[in-house]
S.K.: 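Structure in structure tokens, see below.
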Amino acid sequence: MMAVNWAERIAAFSLSPSDFLSRTTPEGFLAELLRELRDDRASYNVKVALLSPLCEYPTLLCPSVSVGEETALELMSVFAQCPPKALQFRCHLLLALTSVLLCSSCVNTHSRASQDFLELLLQIAQDTSDPHGDGALRSLRVTACDCLRELEACCPGLLSQRLELLSGLRHQETSRLHQAFVGLHSLGLRNAVYLLAQQTGAGAEELKAILGGAAAVAWEADPDSGLVSNKGTPLPSPLISSPMGTVPMLQTGPDCKELRSLLSSLLEESYLLTPLCQAALLHRLIELVAMVPGVSPAIFKAQLLRLLGTSEVCLLHTTLLMKAAFTDSLFSSEDEVFILKRLVALSQHPLLSTPEKLFYMDCILHFPENRPISSGDGDESLPVLLTPRLAAALVPTVFNDSATMLARLNLLSLVYLEEGEEGDGEGGRGTAYLYDHIISLIRIVDNRGSREMIVTFFRAAFLFLFHFCHVEHYSHGMTEKLCDLYLRHTRLAPHLINLCDRTQDRLGELGWAVGLLGALQRAIAGAPLAQLTLQDLRWHLKILARAAEEGEISQQKTLDFLFSVITSSSSSLCVSGDWRLGNGVLGVCRRLLVHPSLDSLLIPLADILQHLSCRYGDTDIQDHARLYYSLLTTLSREKLCGVLAQGATEGGRQVKKRSLSSIMAESEELTSVLSIHQTDRPVFKLVELDLYKPQQGTEMGREKELCIDENSKPMENCPGEQSAVLEAYKAQFQHPGFASEITLEYQLTHAEPHDSQFDQLFSIRLHFDLTDDHYEELSDISVPCLFRERAAPVVRLSLKPKQPYPTTLHASAIFTSQDGLSWHTVLPDIHVAFQQAFIPLSAPPEWGAEGKLMVFEGLWGEICSGECEAEDLTDCATSLFCGQLSEEALVALVEEHFLPYRISDQSDKEEYKVLFFLPPHSHILLKIRSEEDAVQFNVATDNWQLLPYINSYLLTITKSSLQESVDS
Amino acid sequence: MSVRALWIISHEKGENVSIRFSRRFPTVEHRAKCLAGSLYVPVPEESTVLQLLLTELGLADADKPYVVLRDDCLHHQRSPALELHVEGKGVLWPVLAISEGPLILACLPLVEGPAEPRPPLASLLSVSQGLTLLAGLQTFLLGSGSKPDSEGLASRLAMLPSVLLQVCPLGTPLDVPQLGAPAASLVSTPAGTQKQPAWKTGLHRGRAVVNVALTEMVRSMQYGNQSRQDLWDVYGTVTCKCEVEGVLPNVMVSLTLPPNGSPLQDILVHPCVTSLDSSILTASSVDDCDGSAFSGPYKFPFSPPLEPFRLCSYTSQVPVPPILGSYQLKEEENQLRVSVTLKLHESVRNSFEYCEAHLPFYNRDQMGGVDVKVSSGQLEVSKEKNLLVWVLGQKFPKSREVTMDGKISFSGSIPGPTDPLCTDLTAYIKLYFKVPDITLSGCCVDQHSVQVYSSAKPRITTSRELQSKEYFIWNATGAAPVSSGHMML
């Protein structure tokens with residue numbers, strides 16, 4: 001193991017934890033990490049790297065409170081034994097501990113380790129000793145503060161009883177460390193006030209109590225009550241408007257001198273902090289003042305000019321947050337004008353970076369006005385004070401980068417729309433400028449602009465149309481220019497179709513997209529045929545197919561064009577027999593077959609189809625053409641529509657729904673039917689049926705079906721002696737497939753939130769992917785249908801373990817919705833717990849309880865004496881687990897968890913014997929005995945690798961049963 | 001006010017993409033999960049993040065001309081915050097990304113509130129903090145020069161774990177990384193009761209030295225055309241390096257303008273400036289100039305950090321451009337007739353560090369015969385034969401006017417570079433020059449106006465210079481692109 005290249009392994013882990021863990025187990029990897037961390041030979045650089053999986057993915061390695069707790073205890077002992085000079089490592093250890101304890105919910109549950117850790121952190125933070133006189137310990141203290149701050153952020157109120165201590169530390173500290181205390185103190189303060197404000201009746205007295213460190217008086221020294229929020233969930237910022245509405249308010253009356261002086265002292269020192277910390281501090285203080293009406297926002301006044309003049313984006317940002325929170329109680333209308341001008345100037349400042357400028361432009365569109373006219377529902381809206389003259393600094397130019405240009409175009413479009421987009425006014429002239437700008441972009445695309453420029457142009461075009469499509473002068477101009485552009489660069493067809501689709505979705509009522517498609521159709525039909533290349537033709541057919549979807553566009557020109565293309569002597573199309581082009585032609589024809597004006601198209605369309613069916617140089621195309629021809633000439637219009645397109649035509653794009661049975665010409669274009677759509681979120685999920693509770697009375701419970709090979713002959717009766725019984729038991733494993741599967745039952749139910757589109761689902765095919773190597777691949781499972789109003793179907797998963805470890809399965813499904821579309825959806829992961837792999841001892845029923853007991857004793861003897869069969873010898877292990885359980889609790893525990901696996905006589909209350917069989921061939925045997933106030937679980941197994949799992953399983957069930965007995 | 005994850009990606013124009021560094025902050029992720037509730041979208045694994053990010057930035061599938069996911073015209077590319085659409089899981093937002101040279105830096109700030117309705121960016125402090133963090137990391141990794149240096153980059157990437165321990169422990173940005181090691185003459189522990197600023201890594205010991213450098217950049221777009229108004233503006237930065245004793249020493253720098261100087265606008269100051277007069281901030285470039293505006297002196301009291309820093313920056317409107325040019329091209333059969341005049345304004349000192357005019361030609365074959373005469377300086381043809389470089393040297397002639405006349409034929413065998421903007425007769429001259437010891441705005445830092453409140457007498461040096469930046473003279477006979485909204489209003 002020394003040769004393990006940890007750097008590579010850690011890198012592989014970070015790249016894809018799921019891949020990495022599929023080759024091992026989280027438990028195994030965690031154990032390896034912890035072992036290496038304890039190894040004195042490993043260098044501290046390596047050890048820092050070893051901590052990174054724990055720092056970054058603690059939930060993967062420590063999925064439960066108990067594992068988190070154990071890991072944290074291990075890490076703390078590593079910390080305690082670590083020499084002081086390994087400073088970096090110790091800092092990283094603190095971070096790892098914080099991550100593990102928070103993410104495995106140890107802190108929320110006030111676990112022992114988390115309380116010890118909290119004390120450790122507080123102790124480090126207060127430790128002013130400086131043994132070497134170099135202030136080296138200071139970085140450890142800073143990190144301890146960082147950890148405390150994160151604990152407080154995740155579990156608000158944790159430090160509410162230490163505010164006075166923190167305040168004292170902050171005052172004393174003159175080194176740079178004071179910044180860490182300021183951050184910690186201000187967050188603690190804000191959380192305490194937030195929680196206070198949520199308590200009914202809390203006021204000035206309570207506030208004074210927490211500031212004075214007398215919180216214990218107000219809320220007894222009980223960690224579960226008082227300011228420690230019970231749920232331990234982080235608090236949302238009161239500055240972000242929530243749909244629930246209001247900011248929590250703490251009514252203190254005017255009497256909150258202590259708080260005010262505290263805030264003043266924090267503000268005075270804010271200058272000494274780095275800009276990022278200053279911004280964070282100001283943010284917390286703004287939240288505080290917003291929650292305590294007794295403190296006037298004027299407290300910030302002294303800082304304002306410094307903040308408004310700053311070059312730091314996060315500091316200027318805090319003034320906007322103040323403006324949003326306090327409006328005219330802190331900012332006059334002159335201030336408002338000034339801030340807006342400043343934002344405009346900064347949005348185009350030559351010394352600022354593009355993301356900063358984009359951010360400022362975004363701030364203009366969400367400007368916190370003192371007296372907003374709009375409802376402020378989060379949408380972009382123009383501040384009233386933004387005049388065209390002011391905004392002129394932000395007109396888009398061809399020299400801008402894409403994002404800046406689009407942001408400016410959007411902003412200026414809003415400005416000119418407001419002013420009136422026509423005529424000689426500023427709005428009119430401005431709109432004319434924007435149009436000219438779009439035309440310049442067209443010119444750039446025309447002159448072989450890069451791919452990025454093409455995409456940017458189409459985005460700009462969409463934005464312009466979105467705002468000004470109703471101005472005919474411009475929308476007609478755009479249509480013309482785009483047609484010209486297309487004929488010169490037919491490869492832009494997908495972009496144009498995308499533009500048509502999007503404008504139709506958003507601005508369908510204006511009909512611009514239909515106009516453009518019509519114009520493109522005419523342009524294609526009108527272009528000289530002699531110069532047509534096959535490449536152009538391919539794109540033309542795509543455009544024509546899209547145009548043929550529009551009922552309002554007359555299709556005569558399309559037919560003329562198709563006819564001349566396939567018949568013209570200069571075109572080698574029919575001779576070449578190019579399948580894709582043939583398909584393109586058929587794609588247009590197919591749409592024409594369902595076009596509302598089909599009656600007038602009948603004869604020319606029939607001519608084309610007939611020509612294709614006779615002359616086209618590809619049999620497949622000929623066949624399809626013949627089929628279309630017969631459909632066209634024999635079916636009534638209604639039937640034709642029925643065959644080719646299900647559902648009514650509803651204006652615009654007529655074909656909204658298609659059935660799978662419709663006859664396809666080509667595969668590329670019919671995306672909605674042929675492609676599988678992806679759902680945004682899980683549509684359904686698998687809910688485990690409660691398997692743990694055996695039905696009372698039935699000896700075996702039979703929840704888990706055994707797959708006993710059909711060929712295996714049941715034994716006549718129990719074969720006498722113990723050794724013979726064991727022999728016969730083992731012989732069963734010779735039959736392939738004997739007891740090799742575990743079956744888990746789930747209900748397939750709809751997931752929330754409700755989406756009526758998916759109320760009725762058909763032909764669901766569930767697919768499962770393994771996340772590790774411990775199980776055989778699963779086969780897919782079919783479920784005929786899933787209706788919301790009907791009972792949920794039961795799905796049986798048959799798992800074949802290679803190693804019976806806990807695992808997680810990724811599940812996905814393909815299904816059909818009631819509108820005939822196919823969907824792919826991802827289901828929430830399925831977690832298979834260790835105990836789900838348990839199977840009762842599989843002995844023939846005739847053996848009866850006695851036979852089973854013999855098997856048990858036989859196995860026990862083998863394992864304990866080390867007489868396992870040679871190859872297994874090394875895998876055998878025994879272990880002892882003790883739990884604090886009363887006699888009654890033990891009985892209940894056995895009833896609840898072990899009944900199906902119990903071997904011993906029901907009447908034997910002295911000792912319980914339990915056997916878990918884990919496919920393919922592992923056994924865990926338990927002898928459980930009550931000794932005074934403790935219960936001993938003697939464990940024997942022929943697979944020692946299962947020991948950590950059985951231990952944690954026993955820990956969990958004994959804990960929960962202890963809990964239950966306490967509760968009752 | 002924290003970030004959930006951080007990525008550093010290197011690429012070569014969308015090719016050879018790899019994640020060079022990444023960091024997840026699980027405790028912040030834990031908070032995100034609690035705050036977003038059922039709308040929580042977990043951060044996917046690296047390969048997925050990379051693919052989604054490249055798609056969003058328009059860099060994915062560089063070989064395909066059109067990809068719906070990447071190129072949809074509905075896409076909001078105009079926000080600083082990207083959306084990553086995670087298959088089957090939902091949308092990750094707001095992802096911040098900055099891209100410079102071979103590096104893309106991205107992070108995912110925490111939204112400290114309910115996920116829906118989506119709050120505006122302006123209400124999320126974590127967004128501006130994230131931008132600051134990314135910019136700081138970028139400067140740390142690339143240096144100020146943004147020049148890719150793979151070895152230096154690799155060694156700085158290797159330093160990131162310990163750097164992040166300082167500047168962004170547990171996902172909360174506290175500072176930006178410091179460049180380079182602190183100077184030797186530092187004492188780290190202060191004595192006394194004065195608190196040491198967190199942005200000051202130590203204390204200076206030794207003689208006080210203050211260096212103030214003022215650099216002004218002039219930009220211009222000249223069209224030589226009645227219908228297009230010529231444009232020019234300047235912006236300046238004041239950079240300081242102060243070595244002064246004390247925990248929180250006070251220094252004051254004043255900028256002064258000549259009697260008729262137009263006021264300095266859009267002033268931005270370094271966070272170490274302790275206080276500002278409101279009159280300093282009133283003038284804005286986006287506003288009509290007010291005659292009564294404040295015109296100095298501009299006083300900046302501050303307590304300096306140890307490293308060099310940009311004390312302040314400003315913009316200014318000046319009455320004339322330093323060099324006024326005219327550029328005329330005429331197409332004659334297979335050649336171009338070129339005629340250029342450049343005039344140096346009398347107010348500008350005729351003493352350059354360098355001055356060059358570049359005349360690139362696009363969308364044409366390589367230059368063949370160049371039969372061009374200049375009244376001053378030398379002419380060079382670039383190796384690629386698509387660029388004329390007119391080296392004007394240190395001085396204009398006494399007349400302060402230079403001319404270029406002649407013909408260029410484009411008879412080369414290989415086509416030259418293309419440019420979508422400069423087609424037909426759309427062409428420009430770009431000027432590169434630097435003039436020491438002047439500013440166009442007239443702004444200056446008087447050595448005697450620098451005050452250092454400390455016991456020892458400080459050594460104070462000041463300097464100033466003018467540089468060109470995006471200084472274009474467009475061919476008057478071609479169509480030139482509009483470059484500013486002020487032209488039409």
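Model, not experiment: these values are computed from the prediction.
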S.K.: Could you state the interatomic distance from CG (A:Leu95) to CD (A:Glu56), rounded to the nearest 0.5 Å?
M.R.: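 If we round to the nearest 0.5 Å, A:Leu95:CG and A:Glu56:CD are 11.0 Å apart.
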S.K.: Just verifying a value: how many Å separate A:His437 NE2 and A:Leu409 CG, rounded to the nearest 0.5 Å?
M.R.: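 One gets 6.0 Å once the value is rounded to the nearest 0.5 Å.
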S.K.: Under a 4.5 Å heavy-atom cutoff, which of B:Gly113, B:Pro271, B:Ser126 has the most pairs with chain A?
M.R.: B:Pro271
S.K.: For the pair A:Glu312 and B:Arg310, find out whether any cationic side-chain nitrogen is under 4.0 Å from an anionic carboxylate oxygen.
M.R.: no
S.K.: Using non-hydrogen atoms and a 4.5 Å limit, figure out which bit of B:Ile19 sits close to chain A: side chain, backbone, both or neither.
M.R.: neither
S.K.: When you look at B:Gln194 and A:Thr174, which way does the side chain to side chain contact (heavy atoms under 4.5 Å, CB included) test go after all the steps?
M.R.: CA-CA 6 Å; B:Gln194 174 61 58; A:Thr174 55; over 6 Å; no
S.K.: What part of B:Cys272 is in contact with chain A, defined as an atom under 4.5 angstrom from a non-hydrogen atom: side chain, backbone, both or neither?
M.R.: both
S.K.: Verify the distance criterion only: is there a donor paired with an acceptor across the side chains of B:Thr172 and B:Ser2 at less than 3.5 Å?
M.R.: yes
S.K.: To the nearest 0.5 Å, what is the distance between CG on B:Leu133 and CD on B:Gln138?
M.R.: 11.5 Å
S.K.: Is the closest side-chain donor-acceptor distance between A:Ser175 and B:Gln196 under 3.5 Å?
M.R.: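 Looking only at side-chain atoms, B:Gln196 and A:Ser175 do not form any donor-acceptor pair under 3.5 Å.
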S.K.: Under 4.5 Å from any heavy atom of chain B, what part of A:Ile444 do you find: side chain, backbone, both or neither?
M.R.: both
S.K.: Less than 4.5 Å to any heavy atom of chain A: does that hold for the side chain of B:Val269, its backbone, both, or neither?
M.R.: both
S.K.: Side chains of B:Thr315 and B:Asp266: is there a donor and an acceptor less than 3.5 Å apart?
M.R.: yes
S.K.: What part of B:Val41 gets closer than 4.5 Å to chain A, counting heavy atoms only: side chain, backbone, both or neither?
M.R.: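 The answer is neither part of B:Val41.
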S.K.: With chain A as the partner, which of B:Gln166, B:Arg70, B:Glu29, B:Glu46 has the greatest number of non-hydrogen pairs under 4.5 Å?
M.R.: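 Heavy-atom pair counts peak at B:Arg70.
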S.K.: Any idea which of A:Leu276, A:Leu308, A:Leu394, A:Thr825 has the most non-hydrogen atom pairs under 4.5 angstrom with chain B?
M.R.: A:Leu276
S.K.: Below 4.5 Å from any heavy atom of chain B, which atoms of A:Arg491 appear? Answer side chain, backbone, both or neither.
M.R.: neither
S.K.: Distance from A:Arg451 atom CZ to B:Asp61 atom CG, nearest 0.5 Å?
M.R.: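 Rounded to the nearest 0.5 Å, the CZ-CG separation comes out at 8.5 Å.
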S.K.: Select one option (side chain, backbone, both, neither) describing which atoms of A:Ser14 are under 4.5 Å from chain B's heavy atoms.
M.R.: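 Backbone only.
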S.K.: Mind ranking B:Ile280, B:Leu165, B:Asp277 by heavy-atom pairs under 4.5 Å with chain A and telling me who comes out on top?
M.R.: B:Leu165
S.K.: Measure distances from A:Pro396 to the heavy atoms of chain B and classify the residue's part below 4.5 Å as side chain, backbone, both or neither.
M.R.: neither
S.K.: Once rounded to the nearest 0.5 Å, what's the spacing between atom CG of B:Leu96 and atom CG of B:Leu121?
M.R.: 8.0 Å
S.K.: Select one option (side chain, backbone, both, neither) describing which atoms of A:Ala324 are under 4.5 Å from chain B's heavy atoms.
M.R.: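 Neither part.
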S.K.: Does any heavy atom of chain A fall under 4.5 Å from the side chain of B:Thr27, the backbone, both, or neither of them?
M.R.: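 For B:Thr27, backbone and side chain are both near chain A.
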S.K.: Is it the side chain or the backbone of B:His270 that comes within 4.5 Å of chain A heavy atoms, both, or neither?
M.R.: backbone
S.K.: If I measure from the heavy atoms of chain B, does A:Arg408 come under 4.5 Å with its side chain, its backbone, both, or neither?
M.R.: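 Neither part, no heavy atoms under 4.5 Å.
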S.K.: Quick check on B:Tyr235 against chain A: is it the side chain, the backbone, both or neither that has a heavy atom closer than 4.5 Å?
M.R.: side chain
S.K.: Look at A:Val826, A:Leu365, A:Val455, A:Asp446 and state which one has the largest set of heavy-atom pairs under 4.5 Å with chain B.
M.R.: A:Val455
S.K.: Need one label for A:Asn410: side chain, backbone, both or neither, based on atoms under 4.5 Å from any heavy atom in chain B.
M.R.: side chain
S.K.: Is the distance between the ring centroids of B:Phe309 and B:Phe302 under 6.0 Å?
M.R.: yes
S.K.: With a 4.0 Å cut-off, would you call A:Glu150 and B:Arg31 a salt bridge?
M.R.: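 Salt bridge present between A:Glu150 and B:Arg31.
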S.K.: What part of B:Leu281 gets closer than 4.5 Å to chain A, counting heavy atoms only: side chain, backbone, both or neither?
M.R.: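 Both parts, heavy atoms under 4.5 Å.
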S.K.: For B:Thr237 and B:Ser313, test the side chains for any donor-to-acceptor distance below 3.5 angstrom and give the result as yes or no.
M.R.: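 No, B:Ser313 and B:Thr237 have no side-chain donor paired with an acceptor closer than 3.5 Å.
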S.K.: Under 4.5 Å heavy-atom distance to chain B, tell me which part of A:Leu321 shows up: side chain, backbone, both or neither.
M.R.: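 Only the side chain of A:Leu321 comes within 4.5 Å of chain B.
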S.K.: Considering only heavy atoms, which portion of A:Ala153 lies under 4.5 Å from any heavy atom of chain B: side chain, backbone, both, or neither?
M.R.: both
S.K.: Between A:Pro682, A:Ser52, A:Pro494, which has the largest tally of heavy atom pairs under 4.5 Å with chain B?
M.R.: A:Pro494
S.K.: Name the region of A:Leu492, side chain, backbone, both or neither, that has any atom closer than 4.5 Å to a heavy atom of chain B.
M.R.: neither
S.K.: Taking B:Thr418, B:Leu74, B:Thr132, B:Leu59 one by one, which has the highest count of heavy-atom pairs under 4.5 Å against chain A?
M.R.: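 The answer is B:Leu74.
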S.K.: Name the region of A:Leu411, side chain, backbone, both or neither, that has any atom closer than 4.5 Å to a heavy atom of chain B.
M.R.: neither
S.K.: With a 4.5 angstrom heavy-atom cut-off, could you sort out which part of A:Phe359 is near chain B: side chain, backbone, both or neither?
M.R.: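 Both backbone and side chain.
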S.K.: Heavy-atom pairs under 4.5 Å with chain B are the metric here; pick the option from A:Ala460, A:Ala279, A:Gly309 that has the most.
M.R.: A:Gly309
S.K.: Which of the residues A:Ser440, A:Pro275, A:Ser16, A:Cys363 is involved in the greatest number of heavy-atom pairs with chain B at under 4.5 angstrom?
M.R.: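 Heavy-atom pairs under 4.5 Å are most numerous for A:Ser16.
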S.K.: If you count heavy-atom pairs within less than 4.5 Å of chain A, which of B:Pro26, B:Ala62, B:Pro197 leads?
M.R.: B:Pro26
S.K.: Check whether B:Arg219 gets within reach of chain A through its side chain, its backbone, both or neither, counting any heavy atom under 4.5 Å.
M.R.: side chain
S.K.: Classify the ring geometry of A:His495 against A:Phe458: parallel below 30°, tilted from 30° to 60°, perpendicular beyond 60°.
M.R.: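 Rings of A:His495 and A:Phe458: parallel, as their planes differ by under 30°.
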S.K.: Could you look at B:Thr48 and say if it's the side chain, the backbone, both or neither that has a heavy atom under 4.5 Å from chain A?
M.R.: neither
S.K.: With a 4.5 angstrom heavy-atom cut-off, is it the side chain or the backbone of A:Gln678 that approaches chain B, or both, or neither?
M.R.: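 Looking at A:Gln678, just its side chain touches chain B.
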S.K.: Look at B:Ser275, B:Ala81, B:Gly90, B:Ser278 and state which one has the largest set of heavy-atom pairs under 4.5 Å with chain A.
M.R.: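 Ranked by heavy-atom pairs under 4.5 Å with chain A, first place is B:Ser278.
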S.K.: Which bit of B:Ser303 is near chain A, if near means a heavy-atom gap under 4.5 Å: side chain, backbone, both or neither?
M.R.: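 Both backbone and side chain of B:Ser303 come within 4.5 Å of chain A.
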S.K.: Are the side chains of B:Leu50 and B:Glu45 in touch, meaning some heavy atoms are under 4.5 Å apart?
M.R.: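 When only atoms from C-beta onward are counted, B:Glu45 and B:Leu50 do not touch, as no gap falls below 4.5 Å.
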S.K.: Can you tell which part of B:Leu39 gets under 4.5 Å to a heavy atom of chain A, answering side chain, backbone, both or neither?
M.R.: side chain
S.K.: Who wins among A:Met405, A:Met361, A:Glu173, A:His349 for the most heavy-atom pairs under 4.5 Å with chain B?
M.R.: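 Of A:Met405, A:Met361, A:Glu173, A:His349, A:His349 has the most heavy-atom pairs under 4.5 Å with chain B.
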S.K.: Using non-hydrogen atoms only, which part of B:Lys469 is less than 4.5 Å away from chain A: side chain, backbone, both, or neither?
M.R.: neither
S.K.: Answer yes if the side chains of B:Asn363 and B:Asp419 hold a donor-acceptor pair under 3.5 Å, and no otherwise.
M.R.: no
S.K.: Using non-hydrogen atoms only, which part of A:Asp362 is less than 4.5 Å away from chain B: side chain, backbone, both, or neither?
M.R.: side chain
S.K.: Out of curiosity, B:Leu170 CG to A:Cys55 SG, how far, rounded to the nearest 0.5 Å?
M.R.: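 That separation rounds to 8.0 Å.
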